[in-house]
Amino acid sequence: MLDNHFDPKVAEPRIYNEWERSDAFKPREGDAETFSIVIPPPNVTGVLHMGHALNNTLQDVLCRFERMRGKRVLWQPGTDHAGIATQMVVERQLADAGGNEDRRSLGRDAFVDRVWRWKEESGGAIINQLKRLGASCDWSRERFTLGDRNDPDNQMAAAVRKAFIDLYKDGLIYRDKRLVNWDPQFQTAISDLEVENREIDGHFWHFKYPIAGGETYTYVERDEDGNVLFEEERDYISIATTRPETMLGDGAVAVHPSDERYAPIVGKMVRLPLADRLIPIITDEYPDPDFGSGAVKITGAHDFNDYAVAKRNDLPMYPLMDERARMIQSPDKDGNPVMPEKYVGMDRFDARKAVVQDIGAQGLMIEVEDKKIQQPFGDRSGVVIEPMLTDQWYVDAETLAQPAIKAVETGDVKFVPDNWSKTYFEWMRNIEPWCISRQLWWGHRIPAWYGPDGKFFVAETKGHAIDQAKEHYGEHVELTQDEDVLDTWFSSGLWPFSTMGWPDETAELKDFYPTSTLVTGFDIIFFWVARMMMQGIHFMGEPPFKEVYVHALVRDEKGAKMSKSKGNVIDPLKLVDEYGADALRFTLAAMAAQGRDIKLAESRVAGYRNFGTKLWNAARFCQMNECTLWEPDAFDPLNVDLTVNRWIVSETAKTADTVVRELEAYRFNDAAGAIYRFTWNVFCDWYLELIKPVLNGEDGAAKDETRKTAAWALNQILHVLHPFMPFVTEELWGELSEFGPERQNMLVVDAWPEFDAAARAPDAEAEIDWVIRLVTEIRSVRSDINVPAGAKVPMTLVGGDDEAKARLERYSDLIERLARLESCSIASEIPAGAVQAVLDDATIALTLTNVIDFEAERARLEKEIAKLNDDITKIDKKLSNEQFVSKAPEHVVAEQHERRTDAVGARSKLSDALTTLASIGE
RNA sequence: GGGCGGUUAGCUCAGCGGUAGAGCACUACGUUGACAUCGUAGGGGUCACUGGUUCGAUCCCAGUACCGCCCACCA
């Protein structure tokens with residue numbers, strides 16, 4: 001006998017172990033259709049958050065669904081080494097340890113070893129957390145983006161090397177010196193995507209750059225019509241900046257060619273204050289005459305715009321800072337120092353203060369404006385990014401993007417919902433070269449070796465590089481490997497095929513690539529989806545997935561992004577502890593409508609926990625009534641006789657169809673809603689109530705059939721609900737099944753129910769629907785006029801067609817029970833003093849002489865009548881509109897007529913009742 | 001500056017050219033042998049605003065107002 005509650009804490013781990021032990025998550029054998037998903041690999045040292053919970057729940061729903069449908073399902077799991085993020089954690093650990101150790105003092109090998117140890121220590125955590133959620137990944141295939149460090153054949157690393165070398169050979173990877181986003185905290189380059197622009201409070205300093213030789217000019221400011229607003233003699237040009245320290249590296253001052261204010265001095269030199277160099281005033285399209293003074297200082301080596309201007313105009317670019325953003329000396333083309341000695345070694349922000357002060361001291365400060373300014377921050381480090389001129393490795397993303405764009409344009413790859421393809425196109429069509437080198441230690445080292453003169457050789461191994469070098473130099477030379485590692489996303493981009501054994505031609509690749517679906521949040525469309533598309537198409541010849549289901553991001557109840565600093569993080573594991581994994585999963589699925597974000601309210605989780613309990617108790621009821629003898633082969637749902645059984649078979653089939661349809665369209669919420677409503681509002685609320693008299697009655701064919709049907713319907717529920725609530729359904733399946741020797745399998749691998757169209761029984765649906773409506777109507781009336789819940793009253797059906805009468809007779813026992821009636825009968829006259837309600841064209845009369853509440857009854861009737869009047873008025877308005885009658889589709893017009901007839905009929909009956917009531921009341 | 005979403009019941013959200021829905025919360029009643037993590041009944045919405053298309057608009061179109069997100073080099 002089942003307990004009266006399901007205890008997820010005990011049952012879930014046990015069930016999960018059983019699944020794993022039975023290899024339920026491995027792709028089944030055979031040649032059935034395949035279905036594959038690669039997991040978005042979580043950071044190896046990460047902790048499961050709500051985003052993972054949603055992402056993996058949805059993947060698991062799909063995998064379990066398809067597995068039950070008989071497909072060979074591979075859900076490929078694994079973790080990502082997450083270069084910067086992980087290195088950062090370990091560096092912080094060193095710092096927190098309080099010793100003098102840091103990354104540099106440890107040295108590369110020792111540090112990397114430290115990170116590996118941290119990975120080994122914490123790397124299992126997130127996997128175990130995914131298991132607690134119920135994720136049905138094939139864990140025997142777990143992969144790590146860095147591979148296994150003890151494996152000399154490390155295939156994941158081989159895949160990365162091969163990808164790099166092939167792209168290099170194809171001219172799609174190159175080395176270049178250009179301005180990159182430099183993170184002074186981590187001392188590495190980062191890609192555009194890892195930069196977060198934030199608006200902060202800053203200042204806008206206005207300086208004077210004196211014209212060389214003390215020359216002056218007439219500065220004239222005009223309005224739109226050319227009228228002079230302001231005019232003065234100046235011996236300077238006014239420039240404005242939010243970053244004064246960069247002025248030390250200015251190469252010119254630029255003005256717009258059309259800017260007449262500065263026309264007199266274009267081509268002249270200004271004296272750069274502090275640095276005491278002469279720089280030219282040039283024209284360029286870049287400056288906006290309406291912004292600031294219209295004159296822009298050009299610091300080619302520390303600003304992306306200025307870099308472009310400097311390149312166009314062949315201006316010198318002076319690097320001003322080192323890797324930690326401390327000011328450094330830089331020579332000009334004649335070898336003279338550019339940086340005044342006093343600033344050398346200063347931090348950039350200290351230098352800023354010093355420059356501002358020194359400019360002021362020289363009387364060259366015009367004003368300081370407080371201003372909101374956009375500043376780039378490293379998304380991991382949180383420090384201001386410094387544009388720096390460095391040598392880096394780049395991927396020619398533009399070339400790789402073309403087929404990736406085309407694949408989506410042609411529909412080979414579909415985004416669901418489709419509007420995300422716009423976001424994808426927008427980015428892909430404007431893609432910039434992808435900087436893939438990182439000055440980190442944790443990652444795949446770049447397979448390039450340098451000769452003594454800086455010439456590099458890209459090769460699989462050092463040996464091969466040396467061979468190449470020998471050919472190049474004509475003699476053996478010592479080579480040193482590039483110090484840098486690759487951007488994490490370079491290896492993540494290979495994930496759909498590297499995890500399946502690429503570059504080897506494996507059976508897995510043949511069977512499971514391309515994958516069926518990618519399930520991901522929209523925040524990594526650029527980072528990951530785009531890169532997988534580019535690399536997948538390039539290396540495998542076809543896109544890595546057929547569909548990309550993009551789900552929402554989980555927010556807190558107020559819609560704020562969950563973040564540790566806000567303290568609004570809801571820990572999915574706490575919810576699992578409290579409500580069970582099934583409840584959390586169901587909540588996430590039910591809320592996965594295709595919007596932008598999911599605001600999670602804990603009350604929903606509690607609600608779905610209750611749903612699990614409801615199901616549990618329904619099963620318990622079935623068990624008590626011996627509805628557990630399910631022998632699917634021996635029972636044919638199409639062959640049941642009792643209307644109520646034919647009805648539940650029909651409703652079950654309808655629901656299963658809906659769930660399939662909705663899941664195939666990724667409408668998880670609709671699928672979840674359908675099975676929820678069926679289970680609770682149809683099976684529990686009505687079917688079980690309707691069959692109680694049969695189950696409590698005498699043994700016989702009817703009881704036997706009903707037991708079997710109930711068991712069957714419950715079984716269908718367990719199957720259809722399993723993808724959403726795998727634990728409780730598996731537990732019930734185990735508890736209620738009679739395990740014969742031939743039925744050893746668990747629900748997780750059992751077959752999804754197939755339904756014959758013949759399972760649908762419209763006549764049974766109509767009949768039971770009538771009973772339900774009748775009972776509901778009676779209950780409603782009773783409640784409205786305050787009939788005590790325990791009071792049993794006689795009911796009489798007056799009027800109505802033969803079918804209604806027949807139904808009443810057929811179900812009188814049931815109706816009496818469910819509506820708490822003393823009796824029900826059929827009469828041609830309404831009994832005196834009866835309370836009346838209308839069902840179709842029949843009148844329901846309740847005789848309650850002793851218990852009637854006249855006032856309540858009058859109020860009830862008046863309200864009903866008013867409502868009907870309202871309806872009728874609305875309908876009349878429509879029907880009297882010629883345009884409506886002539887233009888609306890026939891069935892709509894007919895429906896209005898029908899509704900009017902019904903309403904008028906009901907109104908007349910209720911009006912009569914009101915009149916009668918008035919006469920009694922007096 | 002571009003782009004994309006959102007605005008529906010107290011809250012969190014579905015829906016969608018033809019009588020506005022769910023969960024939670026709320027109210028009343030209820031110890032009917034599955035279930036109080038429950039049952040029965042009920043209250044609650046001019047579907048942001050303004051125009052347009054249409055016989056008919058919460059739904060389609062345009063605009064407005066708020067809110068949110070993404071992208072972008074205004075020094």
Side-chain angles (χ1 to χ4, degrees), chain A residues 2 4-6 192-193 197 204 239-243 246 254 286-288 290-299 303-309 373-374 376 387 419-420 422-423 426-427 430 522-523 525-526 553 555 557-561 579 583 587 590-591 593 595-604 606-625 669-670 673 676-677 684-685 688-689 692 696 775-776 779-784 786-790 817-818 820 871 874-875 878 881-889 891-893 895-896 899 903:
Chain A
L2 292 168
N4 61 350
H5 290 104
F6 173 63
D192 297 344
L193 287 175
N197 281 299
F204 204 31
I239 60 95
T241 180
T242 55
R243 305 191 52 205
T246 63
Y286 164 60
D288 174 0
D290 296 327
F291 186 82
S293 67
V296 183
K297 58 188 272 313
I298 302 300
T299 318
D303 181 282
F304 285 95
N305 292 311
D306 294 6
Y307 178 73
V309 177
I373 56 168
Q374 290 271 327
N419 54 324
W420 288 110
K422 275 188 198 162
T423 306
E426 183 62 25
W427 191 68
N430 297 297
F522 57 79
D523 52 335
I525 289 178
F526 304 146
L553 259 33
R555 312 265 150 124
E557 276 175 78
K558 296 184 195 93
K561 206 167 181 168
Y579 303 104
T587 308
M591 304 205 64
R596 274 271 176 159
D597 42 41
I598 293 177
K599 285 176 228 163
L600 190 77
E602 197 172 318
S603 61
R604 289 291 290 260
Y608 291 121
R609 184 269 322 266
N610 297 353
F611 173 58
T613 307
K614 185 76 182 174
L615 171 70
W616 183 264
N617 280 295
R620 200 159 154 257
F621 172 82
C622 289
Q623 189 186 41
M624 282 175 175
N625 287 283
N669 59 316
D670 290 325
Y676 178 94
R677 282 191 301 276
C684 292
D685 287 352
L688 294 184
E689 294 303 325
K692 276 178 182 173
N696 291 335
V775 170
T776 305
R779 284 171 173 172
S780 176
V781 171
R782 292 176 56 118
S783 170
D784 277 351
N786 306 319
V787 176
R817 175 193 161 93
L818 295 176
R820 318 226 87 210
D871 286 353
K874 270 191 216 156
I875 295 167
K878 273 194 180 176
N881 181 345
E882 270 177 44
Q883 298 279 355
F884 172 74
V885 178
S886 60
K887 291 194 177 171
H891 76 272
V892 173
V893 178
E895 191 187 313
Q896 295 298 322
R899 281 185 52 207

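Chain letters run A, B, ... following the sequence lines, proteins first and then strands; every chain starts at 1.
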Trainee: If the P atom of B:G45 is compared with that of B:C70, how far apart are they to the nearest Å?
Mentor: 37 Å

Trainee: Using the P atom as the reference point in each nucleotide, state the distance between B:C38 and B:C24 in Å, no decimals.
Mentor: 8 Å

Trainee: Determine the Euclidean distance between corresponding P atoms of B:C11 and B:G18; express it in Å to zero decimal places.
Mentor: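 Here B:G18 and B:C11 have their P atoms 27 Å from each other.
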
Trainee: Please list, chain by chain and in numerical order, all residues satisfying salt bridge (charged side-chain N to carboxylate O under 4.0 Å, His left out) with A:Lys692, sequence neighbours excluded.
Mentor: A:Glu689

Trainee: Tell me every residue that passes ring-ring contact (aromatic ring centres under 6.0 Å, His included) with A:Phe304, counting only those two or more places apart in sequence or in another chain.
Mentor: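 With neighbours one apart ignored, the set is empty.
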
Trainee: What residues, two or more places apart in sequence or in another chain, satisfy side chain to side chain contact (heavy atoms under 4.5 Å, CB included) together with A:Tyr286?
Mentor: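 Residues passing side chain to side chain contact (heavy atoms under 4.5 Å, CB included) with A:Tyr286: A:Asp284, A:Val296, A:Asn305, A:Asp306, A:Val309, A:Arg312.
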
Trainee: Who passes salt bridge (charged side-chain N to carboxylate O under 4.0 Å, His left out) against A:Asp670, sequence neighbours left out?
Mentor: A:Arg667

Trainee: Can you check the A:Tyr579 OH to B:G23 C1' distance for me, whole Å?
Mentor: 14 Å

Trainee: Starting from C1' on B:G6, measure out to CZ on A:Phe522 and report it in whole angstrom.
Mentor: 12 Å

Trainee: Taking B:G17 as the reference, what is the distance to B:G10 when you measure between their C1' atoms (whole Å, please)?
Mentor: 30 Å

Trainee: Which dot-bracket string describes RNA chain B (Watson-Crick N1-N3 plus N6-O4 or O6-N4, or G-U N1-O2 and O6-N3, all under 3.5 Å; [ ] crossing; | other strand)?
Mentor: (((((((..((((....[..)))).(((((.......))))).....(((((..]....))))))))))))....

Trainee: Reckon A:Ser780 has a side-chain N or O less than 4.0 Å from the OP1 or OP2 of B:G42?
Mentor: yes

Trainee: Produce the list of close N/O pairs, under 3.5 Å, pairing protein atoms with atoms of nucleotides 51-54 of chain B; give distances to one decimal.
Mentor:
none

Trainee: What residues form a salt bridge (charged side-chain N to carboxylate O under 4.0 Å, His left out) with A:Arg243, not counting sequence neighbours?
Mentor: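 Residues passing salt bridge (charged side-chain N to carboxylate O under 4.0 Å, His left out) with A:Arg243: A:Glu245, A:Glu386.
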
Trainee: Do any N or O atoms of the protein come closer than 3.5 Å to N or O atoms of nucleotides 32-37 of chain B, and which pairs are they?
Mentor:
unit_1	atom_1	unit_2	atom_2	d
B:A34	OP1	A:Lys692	NZ	3.3
B:A34	O2'	A:Asn617	OD1	3.1
B:A34	O2'	A:Arg620	NH1	2.8
B:A34	N7	A:Lys692	NZ	3.2
B:A34	N6	A:Cys684	O	3.3
B:A34	N6	A:Glu689	OE2	3.2
B:A34	N3	A:Asn617	O	3.1
B:A34	N3	A:Ala618	N	3.2
B:C35	O4'	A:Asn617	OD1	3.2
B:C35	O2'	A:Asn617	ND2	3.4
B:C35	O2	A:Lys614	NZ	2.8
B:C35	N3	A:Lys614	NZ	2.9
B:U37	O4'	A:Asn610	OD1	3.2
B:U37	O2	A:Arg609	NE	3.0
B:U37	O2	A:Thr613	OG1	2.5

Trainee: Classify A:Phe291 by what it touches in the nucleic acid, base, sugar-phosphate, or nothing, heavy-atom distance under 4.0 Å.
Mentor: base

Trainee: If I take atom CD1 in residue A:Ile298 and atom C1' in nucleotide B:A75, what distance separates them, rounded to the nearest angstrom?
Mentor: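 Taking atom C1' of B:A75 as the reference, CD1 of A:Ile298 is at 8 Å.
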
Trainee: Please enumerate all residues that pass ring-ring contact (aromatic ring centres under 6.0 Å, His included) together with A:Tyr676, with sequence neighbours excluded.
Mentor: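 A:Tyr608, A:Phe611, A:Trp680.
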
Trainee: By the 4.0 Å heavy-atom rule, please label A:Ser293 as base, sugar-phosphate, or nothing.
Mentor: nothing

Trainee: Taking side chain to side chain contact (heavy atoms under 4.5 Å, CB included) as the definition, give me every residue that meets it alongside A:Val892, ordered by chain and number, with sequence neighbours left out.
Mentor: A:Phe884, A:Pro889

Trainee: Name all residues meeting the side chain to side chain contact (heavy atoms under 4.5 Å, CB included) criterion together with A:Asn430; count only those two or more places apart in sequence or in a different chain, and write none if there are none.
Mentor: A:Glu426

Trainee: What is the distance, rounded to the nearest whole Å, between atom CG of A:Asp784 and atom P of B:U27?
Mentor: 19 Å

Trainee: Can you measure A:Asn669 atom CG to B:G23 atom P for me and round it to whole angstrom units?
Mentor: 15 Å

Trainee: For A:Ser780, enumerate each residue passing the side chain to side chain contact (heavy atoms under 4.5 Å, CB included) test, keeping only those at least two apart in sequence or located in another chain.
Mentor: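 A:Ser780 satisfies side chain to side chain contact (heavy atoms under 4.5 Å, CB included) with A:Asp784 only.
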
Trainee: Please give, in whole Å, the distance from B:G5 C1' to A:Ile525 CD1?
Mentor: 13 Å

